[in-house]
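Have a look at the structure below before the remarks.
For ligands, and for the atoms within them, numbers begin at 1 and follow the listed sequence.
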Amino acid sequence: MPVEKVDTIVVGGGQAGIAMSEHLSKAGIPHIVFERSRIAERWRSERWDSLVANGPAWHDRFPGMEFSGIHPDAFAPKDKVAQYFEDYAKKIAAPIHCGVEVKKVERLNGAPGFRVETSQGLLEANNVVAATGPFQNPAIPRIVPDDLNILQIHSAAYRNPGQLPEGAVLVVGAGSSGVQIAEELMRAGKKVYLSVGPHERPPRAYRGIDFCWWLGVLGKWEAATRGPGMEHVTIAVSGARGGHTVNFRHLASQGMTLVGLTESFADGTIFFKGDLAENLAMGDGSYLALLDEADAYVARNGLDLPADPDARKILPDPKCVTHPIRQLNLAEAGVTAIVWATGFTSDYSWLKVDAFDDQGRPRHHRGVSSEPGVYFLGLSWQSRRGSAFIWGVWHDAKLIADRIDTHRKYLEYRMPARAAE
Ligand SMILES: Cc1cc2nc3c(=O)[nH]c(=O)nc-3n(C[C@H](O)[C@H](O)[C@H](O)COP(=O)(O)OP(=O)(O)OC[C@H]3O[C@@H](n4cnc5c(N)ncnc54)[C@H](O)[C@@H]3O)c2cc1C
């Protein structure tokens, strides 16, 4: 049986795979996208019920299509986001094969390209784009043993407050997921402890305009690298309930108990680092620095935007910050559930090529890996801050399609016969 050959296969039918398909089609490069489940599956089944996009609809989209049925300044609910990508894939006639898992990719022997083993058979491809997402496997640090009588779930498995047993809850991690889940649980009447690590927290809006715009005009989405020491710093933003600035002191004033980084566990007691005030100060610092840069931009460009002095008011530190809890006996505090909003790891076990460092991380420059013909797309900070987000991945996909196209043109070139001398 001859094996089907295709120039490029794209693994993953989320936003990255769809953006890749658009640019490959524009360059006339034959390709297939394999998605093991449905288009934009993570938005459908791996996120909580009330999730809305963190950026407004005018911003969190591809350049080629607006959201329908949503005000551009509103935040699209997750189902609308999934629908958006499904519609987009239709619009560009993306050759997506859903329900097909790529099980193994390995180099062909003595020939260029790769052998691609899928759940529905074998193929050969010159190029493989891994578009399987920046957030693949839920990561839960091994701190609290599994055999306690406490529900422990990752944010990827959290759906709504009704899923948790009666009692208090500890949410570990105060990036955008953790803080939104903690707030939802508190508003549902639960006693909530929120473990807050190092973070940045931009204002939702300043001088009347959303922070996504400010990050754009200030060139921050285009930043190529994180500042030194910022590798583990998360960003806390929320589009929930029409969008609002994440304000930890305000949450504390409403009854949430903030604690520092979750460090260890022994004999039914969980221990927190004494870094809460420091972490809040870091968040405040990033917040105020952005206001300063925005003001400088307004002055430099003579923009007519209303002043916003209230944005600079920082609430006084609540008691949980001035007298931080360093340890919590879970039974005594009535904690019956822990939600770990502690991020994700990646899984490239199917990709058997020389494109990883000794810790299994993709070895690449702007998505072009160290294995010729293998590309990554959608990684956090792949080429810039915006890379893992909806609007950023589209631009990175263009870059990779250009690269594949250029390489194809080299291969197509044949030395013209030299004129007889
Ligand atoms: C809670 C949360 C909220 C977010 N909110 C926003 C937001 O508001 N705005 C924004 O811009 N970004 C947001 N992001 C970031 C980013 O946009 C999403 O993570 C997005 O899902 C990433 O898209 P992707 O295509 O790169 O990866 P994914 O959506 O993860 O898609 C990868 C696809 O690959 C498939 N797959 C994996 N392995 C295989 C295989 N071996 N064979 C075949 N298929 C495979 C999976 O089924 C999946 O559908 C959010 C992320 C999270 C976690």
Minimal non-hydrogen separation, Ile39 against Glu35, with atom names: N-CG, 4.2 Å

Nearest non-hydrogen partners of Asp347 and Gln136, listed with the distance: N-OE1, 2.7 Å

Which ligand 1 atoms, with their elements, are less than 4.0 angstrom from a heavy-atom of [X]?
{"X": "Val100", "answer": "43 (C)"}
{"X": "Ser177", "answer": "1 (C)"}
{"X": "Asp60", "answer": "7 (C), 8 (O), 9 (N), 10 (C), 11 (O)"}

Identify the protein heavy atom lying closest to [atom], giving its residue, its atom name and the separation to 0.1 Å.
{"atom": "atom 43 (C) of ligand 1", "answer": "Arg36 N, 3.3 Å"}
{"atom": "atom 28 (P) of ligand 1", "answer": "Arg42 NE, 3.7 Å"}
{"atom": "atom 8 (O) of ligand 1", "answer": "Asn54 N, 2.5 Å"}
{"atom": "atom 53 (C) of ligand 1", "answer": "Arg47 NH2, 3.6 Å"}
{"atom": "atom 6 (C) of ligand 1", "answer": "Trp43 CH2, 3.4 Å"}
{"atom": "atom 34 (O) of ligand 1", "answer": "Gly12 CA, 3.2 Å"}

Is the Lys NZ or Arg CZ of Lys191 less than 6.0 Å from the centre of Tyr193's six-membered ring, within 45° of the axis? yes

Cation-aromatic face contact Arg47/Trp43, 6.0 Å, 45 degrees: yes

Do [X] and ligand 1 have an N or O pair less than 3.5 Å apart?
{"X": "Trp391", "answer": "no"}
{"X": "Ile390", "answer": "yes"}
{"X": "Val52", "answer": "no"}

Without hydrogens or angle criteria, can the side chains of [X] and [Y] be said to hold a donor-acceptor pair below 3.5 Å?
{"X": "Glu41", "Y": "Ser45", "result": "yes"}
{"X": "Gln83", "Y": "Asp79", "result": "no"}
{"X": "Trp214", "Y": "Glu293", "result": "no"}
{"X": "Ser50", "Y": "Glu184", "result": "yes"}

Side chain, backbone, both or neither: which part of [X] comes within less than 4.0 Å of ligand 1 when only heavy atoms are counted?
{"X": "Phe85", "answer": "neither"}
{"X": "Phe34", "answer": "backbone"}
{"X": "Ala131", "answer": "backbone"}

Work out whether the distance between some heavy atom of Val81 and some atom of ligand 1 is less than 4.0 Å. no

Does Trp340 have any side chain to side chain donor-acceptor pair (under 3.5 Å) partners at least two apart in sequence or in another chain, and if so, which? Gln152

